[in-house]
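Remarks on the structure that follows.
Note that the structure is a prediction, hence the values are computed from the model and not measured. Letters A, B, ... mirror the listed sequences (proteins, then strands); counts begin at 1.
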There are 2 protein chains.
Amino acid sequence: MNNYTDILRAHNLKATPQRLEIANALNVNGHMSIERLYETLLRKFNSISLATIYKNINLMLEAHFIQEVKIPNTKSVYELTKEAHSHLVCDKCGKVEDISLELSSVVQLVNAKSSFNIEKVDLVFSGLCTNCQ
Amino acid sequence: MNNYTDILRAHNLKATPQRLEIANALNVNGHMSIERLYETLLRKFNSISLATIYKNINLMLEAHFIQEVKIPNTKSVYELTKEAHSHLVCDKCGKVEDISLELSSVVQLVNAKSSFNIEKVDLVFSGLCTNCQ
DNA sequence: CTCTGTGCAAAGCGTTTGCAAACGA
DNA sequence: TCGTTTGCAAACGCTTTGCACAGAG
């Protein structure tokens, strides 16, 4: 059981019930779109506003408490910030999974091959999940 | 000098002056946002409509003549379809560059580690380009 | 008690649609 | 000529903003 109250405060965000529930929903579901987050929170707060979702998502993004995951051909989903990882997306059902990969050698190669100084890698694999294959 | 007339037709798209100019602009600039594409085409067609840009971008995407590149924290850019490659993005000036990387071993690893059947890899490196370092 | 967050309604903005005229093949 | 494309204006949908009241600290 997570105590997001303290974690939110550590990110300079007041621990309102709505925010705690966003954190909890993301923790349970892993990755959620704005739409799904809204539907989910509606079950708990029957008069929550979409504006509240948007305001909180934006504040949480600024505070680096959550992160946006951009996926080809679909709308973005959001996840709690955690250690660097890559994503697997099912082309058919849209399921998103995390996967940990050791990418330092790739980054090293890119730093050598290009004139960029790489700080971040965003890697999305698309294909079919077990159920959809 | 490219003859996009035939290439567009090969994708079942009529070769209108507006489309030829979109193809040409993407070829010259590599990666462009809708906004920049519009500004650029305005110089050649002083009464071109944003709707024309959108309609053509969507048709060209469906025809796989062009592709969308989703970039963290920024709006998407579009590029002519070419061999698979990854992208380098400058966090400061927004410049986007292509880089060819051999990713088959990574895909193989992911196929082994996960239950997904991977078909596509989208890889974006973020950092600072030479000018911005 | 003070300041921030919430919910509602309105505004904003990027994108799409409908239509008549123009154009490509 | 026939079907498609263009440009314009209106419509749309997602996101943001303003404001009064409620709630966290």
Side-chain angles (χ1 to χ4, degrees), chain A residues 3-25 32-63 65-78 94, chain B residues 3-25 32-63 65-78 94:
Chain A
N3 181 1
Y4 285 113
T5 299
D6 293 339
I7 304 179
L8 281 168
R9 287 185 189 149
H11 287 268
N12 292 307
L13 296 168
K14 284 194 180 181
T16 67
Q18 291 85 343
R19 287 177 184 169
L20 289 169
E21 195 52 31
I22 290 176
N24 182 58
M32 300 176 83
S33 64
I34 295 283
E35 191 185 9
R36 193 144 91 83
L37 215 32
Y38 179 54
E39 290 165 358
T40 303
L41 288 235
L42 260 184
R43 289 183 215 125
K44 209 135 197 167
F45 310 96
N46 56 8
S47 69
I48 195 175
S49 164
L50 245 184
T52 298
I53 305 281
Y54 278 110
K55 285 171 186 167
N56 283 326
I57 287 295
N58 287 333
L59 286 170
M60 289 172 165
L61 283 172
E62 284 168 29
F65 175 68
I66 64 171
Q67 287 182 310
E68 181 178 3
V69 184
K70 291 201 176 190
I71 300 172
N73 315 313
T74 339
K75 62 187 82 173
S76 292
V77 293
Y78 300 85
Chain B
N3 181 1
Y4 285 113
T5 300
D6 293 340
I7 306 180
L8 282 167
R9 288 186 188 147
H11 287 268
N12 291 307
L13 296 167
K14 282 193 182 180
T16 67
Q18 290 86 342
R19 288 178 184 167
L20 289 170
E21 195 52 30
I22 290 176
N24 183 57
M32 299 175 85
S33 65
I34 295 284
E35 191 186 10
R36 193 145 89 86
L37 215 31
Y38 179 53
E39 290 165 358
T40 304
L41 288 236
L42 260 184
R43 288 184 216 123
K44 207 134 196 168
F45 308 97
N46 56 7
S47 70
I48 195 174
S49 164
L50 246 184
T52 299
I53 305 281
Y54 278 110
K55 286 170 186 167
N56 283 327
I57 288 294
N58 287 334
L59 286 170
M60 288 174 167
L61 283 172
E62 284 167 31
F65 175 68
I66 64 172
Q67 288 183 311
E68 182 178 2
V69 183
K70 290 200 177 191
I71 299 172
N73 314 314
T74 340
K75 60 189 82 172
S76 292
V77 293
Y78 299 87

Using whole Å, what does the distance between atom [atom2] of nucleotide [N] and atom [atom1] of [X] come to?
X	N	atom1	atom2	answer
B:E21	D:dT6	CD	P	13 Å
B:I57	D:dT6	CD1	P	12 Å
A:L8	D:dA24	CG	C1'	12 Å
A:Y38	D:dC14	OH	C1'	13 Å
A:F45	C:dG7	CZ	P	8 Å
B:L50	C:dT17	CG	C1'	14 Å
B:L42	D:dT6	CG	C1'	14 Å
B:L20	C:dG24	CG	P	10 Å

Closer than 4.0 Å, any side-chain N/O of [X] to the OP1 or OP2 of [N]?
X	N	answer
B:R9	C:dA25	yes
B:N56	D:dT6	yes
B:Q18	C:dC23	no

Nearest to the [X] side chain among [options], which nucleotide is it?
X	options	result
B:N58	C:dT16, C:dC8, D:dG25	C:dT16
A:S47	D:dT5, C:dG5, C:dC8	C:dC8
A:K14	D:dC8, D:dA24, D:dT5	D:dA24
B:A51	C:dT6, C:dC8, C:dT17	C:dT17
A:P17	D:dT6, C:dG24, D:dA24	D:dA24
A:S49	D:dC8, C:dG24, C:dG7	C:dG7
B:K55	C:dG5, C:dG7, D:dG7	D:dG7

Verify, without hydrogens or angle tests, whether [X] (side chain) and [Y] (backbone) share a donor-acceptor contact under 3.5 angstrom.
X	Y	result
A:R19	A:N56	no
B:K70	A:I71	yes
A:T74	A:P72	yes

_I need the B:T5 OG1 to B:L20 CG distance, nearest 0.5 Å._
4.5 Å
*B:I57 CD1 to B:K55 NZ distance, which is reported to the nearest 0.5 Å*: 14.0 Å
*asked:* Does A:T16 reach a base, just sugar-phosphate, or nothing at all? Heavy atoms under 4.0 Å.
replied: sugar-phosphate
*asked:* Heavy-atom nearest nucleotide on DNA chain C for B:K75 versus A:I48: which residue maps closer to 5'?
replied: A:I48
